[in-house]
Amino acid sequence: MRLFVALLPPRDVLDELETFVAPLRQVVPGLRWTHRDLLHVTLSFLGEVDDRTLERLLPRLERATGRHDRLSLSLAGGGAFPGGGAHARVLWTGLYGDRRGLAGLAASTAAAGRRAGTPPDSHRTFRPHLTLARSRRPVDVRPLLEPMSSFASAPWTAATVHLIRSRLPAGGRTKVDYEPLESWPLRAPRD
Ligand code: ATP
Ligand code: MG
């Protein structure tokens, strides 16, 4: 099964994002905007994992998550992969707030995956982002970058890390399908 570890922004933040991008959806033909139920922040991509590896993975991810504090995060701005946006395949919004904590958590979940024997991640550097839209062919998303630069969501506290199974389009299905398998709490602040 194909697995990744992710944070899921809360409903009110997704509402803000949807409201903001609604008038932008028609600007670049060919861009496929992600359905709101599928919006997520990938912490680590674990790739194809068999049942035995999954058994080793679950306790490791639980421990990794429990070693990290809850994160204060917000979404803001926009960018593209690849960088300049003239030949983009992905349009994203960025993550702000506790970016150092976010990077640390991402690294820990990736390490948990490696120790459990998941295939090595092909993307070495963690670039925190939330994918808004994709295109099969490279498209010029530069007309969206200026309007996206004025987007900023309310902050939220990320308290839960999710392990998600991804089913890529196959057998007549045209869209990717994500199934949450497990979730673990981040450390609550001591009072
Ligand atoms: P599709 O591939 O059909 O466009 P998707 O990218 O949403 O759909 P997956 O490819 O399973 O579905 O990816 C799940 C998550 O993991 C996404 O956030 C994706 O960006 C990320 N991801 C996928 N492959 C990699 C990779 N090699 N390195 C890092 N992150 C990845
Ligand atoms: Mg993909």
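Every number for a ligand or one of its atoms is a count from 1 in the order of the listing.
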- Query: ligand 1 and Arg2, any nitrogen or oxygen pair closer than 3.5 angstrom?
  - Reply: yes
- Could you tell me which atoms of ligand 1, counted from 1 in the order shown, lie closer than 4.0 angstrom to a heavy atom of Ser166? 9 (P), 11 (O), 12 (O)
- Message: Whether Arg99 engages the ring of Tyr96 as a cation-pi pair (distance to the six-membered ring centre under 6.0 angstrom, angle to the ring normal within 45°) should be assessed.
- Response: yes
- Task: Please work out whether the ring planes of Phe81 and His129 are parallel, tilted or perpendicular, with thresholds of 30° and 60°.
- Result: perpendicular
- Task: Check if Thr131 has a non-hydrogen atom at a distance under 4.0 Å from any atom of ligand 1.
- Result: no
- Message: Once salt bridge (charged side-chain N to carboxylate O under 4.0 Å, His left out) is applied, do any residues pair with Asp69, and if so which ones, sequence neighbours excluded?
- Response: Arg187
- Can you list the ligand 1 atoms lying under 4.0 Å from a non-hydrogen atom of Phe4? 14 (C), 15 (C)
- Task: Closest by any non-hydrogen atom to atom 20 (O) of ligand 1: pick that one out of Arg136, Arg167, Arg134, Arg89.
- Result: Arg134
- Task: Out of Phe81, Tyr178, Phe126, Phe45, indicate the one that has the non-hydrogen atom closest to atom 25 (C) of ligand 1.
- Result: Phe45
- Does anything in residues 30-52 pair up under salt bridge (Lys or Arg N to Asp or Glu O under 4.0 Å), and if so which pairs, sequence neighbours excluded? Asp15-Arg36, Glu18-Arg36
- Which part of Leu38 is near ligand 1, with near meaning a heavy atom under 4.0 Å away: side chain, backbone, both or neither? neither
- Query: Do side-chain atoms of Arg56 reach the backbone of Ala116 as a donor and acceptor pair under 3.5 angstrom?
  - Reply: yes
- Within less than 4.0 angstrom of ligand 1, does His40 place any heavy atom? yes
- For Arg136, does the CZ atom have more than 12 heavy-atom neighbours from other residues, nucleotides or ligands under 6.0 Å away? no
